[in-house]
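Okay, structure first, notes after.
Model, not experiment: these values are computed from the prediction.
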Number of protein chains: 2
Amino acid sequence: MNNKKIPEATISRLFVYLREVTELDKVNIRTISSSDLGERTNLSDAQVRKDLGYFGQFGVSGSGYAVGELKQSLEKILGKDKTWNVAMVGVGHLGSALLTYSGFSRHGLEIVAAFDTDIRKIGKTFENVVIKPIDDLSKIVAGKNISLSILSVPAREAQDVADILIEAGVKCILNFAPVSLNVPEHVKVKDMDLSRELETLAYFVAGKTNGKNK
Amino acid sequence: MNNKKIPEATISRLFVYLREVTELDKVNIRTISSSDLGERTNLSDAQVRKDLGYFGQFGVSGSGYAVGELKQSLEKILGKDKTWNVAMVGVGHLGSALLTYSGFSRHGLEIVAAFDTDIRKIGKTFENVVIKPIDDLSKIVAGKNISLSILSVPAREAQDVADILIEAGVKCILNFAPVSLNVPEHVKVKDMDLSRELETLAYFVAGKTNGKNK
DNA sequence: CGAAGTTCGTGAAATATATCACAGTCCAAA
DNA sequence: TTTGGACTGTGATATATTTCACGAACTTCG
């Protein structure tokens with residue numbers, strides 16, 4: 001194990017490796033080399049080894065990585081023994097879709113509270129989560145020890161809601177609103193700007209391809 | 001204007017700048033400096049100037065950038081005079097939420113076709129888009145000149161569907177399925193793995209904060 | 001008009017990240 | 001055991017991206 005700062009991209013890839021070895025484990029594959037794992041994840045063998053190398057030595061020269069062990073190690077590193085409570089703010093189309101999305105809980109992410117300003121939505125239930133008014137956010141977030149949040153409110157409300165979340169003690173925001181949030185140092189935001197991502201992809205194939213003039 | 005390869009991150013930020021100058025334009029602010037624009041987007045002034053510098057000289061020493069001109073230039077650079085047809089595959093919770101999401105069309109992204117394998121969904125309409133069977137995908141994608149796609153099918157089907165999309169001529173995939181897609185060189189994929197993003201955020205605040213042991 | 005103060009544009013430096021390449025380790029087979 | 005082949009772990013190298021820093025351009029004001 002070395003002490004260098006670990007790139008965020010490395011952590012993100014670790015989850016991909018974990019996903020892969022979990023699959024391998026299911027089908028009783030016992031061993032995998034960095035190059036095979038790289039092939040399955042569209043990464044280079046060196047990248048795989050380097051990423052894992054930040055956390056210790058998991059491999060065996062000559063044969064590769066023991067799938068079961070690597071899976072356990074990754075789970076340990078990534079805190080898969082933990083469960084995270086998540087607050088959802090903004091229960092529109094996207095928010096309600098995410099509330100009913102079972103993928104989160106499979107990964108130890110439990111949406112335990114949901115909030116909206118729309119009085120017509122308050123009191124409704126999605127997947128056992130009752131929608132509460134934003135005014136209750138602070139109390140509930142503190143009470144349920146929530147440090148992760150998903151923000152899917154309209155752009156114009158996003159900053160205000162983010163401020164409330166942060167004030168309440170939330171440390172991470174997965175931000176679906178197309179705005180640049182201003183947050184203090186200790187809070188991490190990941191922007192999920194769907195239009196922007198799609199447009200950015202489009203940029204790189206434009207010319208070669210077929211957007212239409214308006 | 002220089003000829004160096006332009007980072008993808010730069011392009012992505014250009015959309016952010018455009019969003020910002022569009023706001024500024026609405027409220028009749030005529031001029032903005034790189035440092036002010038940086039502050040509004042949580043980026044450094046140098047980053048702003050460098051990004052814009054890839055595409056020419058838009059600024060005026062001493063006063064900054066003319067908002068209207070910069071807006072027009074960015075729109076030009078980013079192909080905002082074009083409209084993109086988008087295919088949506090997989091109309092589950094998430095897919096249908098995205099179909100009814102108006103944010104795309106505001107950005108020149110029109111979802112003009114939607115597909116699913118579930119016979120119960122086929123024929124239903126969301127926002128004027130009729131859900132078609134995957135078997136029709138190839139014909140429709142070619143016919144409507146679609147080069148962008150959103151993939152929100154279950155993980156196990158994702159690669160097969162991606163292959164079909166690519167075969168049909170799609171060039172970009174916004175991939176919500178938690179799998180590493182294998183695609184040819186000329187196709188661009190952006191993974192939107194919501195759980196992974198949230199978990200990656202969580203990793204960096206863990207310890208300082210409060211995931212619970214299972 | 002000239003001086004003081006802004007702000008841009010951009011090479012150069014710094015930092016971050018990914019790839020290379022190979023010594024050393026391990027396995028399998030005879 | 002010994003040999004050949006497979007594979008890891010990791011410094012060194014290469015590439016990519018961001019930040020620095022400063023000359024030149026422009027604006028404003030007296």
Would you say [N] has OP1 or OP2 under 4.0 Å from some side-chain N or O of [X]?
{"X": "S61(B)", "N": "dT6(C)", "result": "no"}
{"X": "S44(B)", "N": "dT19(D)", "result": "yes"}
{"X": "R13(B)", "N": "dT18(D)", "result": "yes"}
{"X": "S34(B)", "N": "dC8(C)", "result": "yes"}
{"X": "Q47(A)", "N": "dT17(C)", "result": "no"}
{"X": "Y65(A)", "N": "dC26(C)", "result": "no"}

Atom-to-atom span, [atom1] of [X] to [atom2] of [N] - whole angstrom:
{"X": "N42(B)", "N": "dT19(D)", "atom1": "CG", "atom2": "P", "value": "12 Å"}
{"X": "E8(B)", "N": "dT15(D)", "atom1": "CD", "atom2": "C1'", "value": "16 Å"}
{"X": "F58(B)", "N": "dC26(D)", "atom1": "CZ", "atom2": "P", "value": "16 Å"}
{"X": "L52(A)", "N": "dT10(D)", "atom1": "CG", "atom2": "P", "value": "11 Å"}
{"X": "R49(A)", "N": "dT8(D)", "atom1": "CZ", "atom2": "P", "value": "6 Å"}

Please answer whether the main-chain N or O of [Y] pairs with a side-chain N or O of [X] as donor and acceptor at a distance below 3.5 Å.
{"X": "Q159(B)", "Y": "N182(B)", "result": "yes"}
{"X": "S149(B)", "Y": "C172(B)", "result": "yes"}
{"X": "K144(B)", "Y": "A142(B)", "result": "no"}

Between R40(A) and S180(B), a side-chain donor and acceptor under 3.5 Å: no

Upstream residue (5' side of DNA chain D) when I32(A) and D51(B) are each assigned their closest nucleotide: I32(A)

Earlier contact from the 5' end, DNA chain C, for A46(A) and V60(A): A46(A)

Candidates dT18(D), dT19(C), dG9(C) - which lies nearest the side chain of K50(A):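 My answer, after comparing the listed nucleotides, is dT19(C).
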
Nucleotide nearest Q57(A) when distance is taken to its side chain, options dT10(D), dT27(D), dT8(D): dT10(D)

Pairing of E8(A) and K190(A) as salt bridge, 4.0 angstrom limit: no

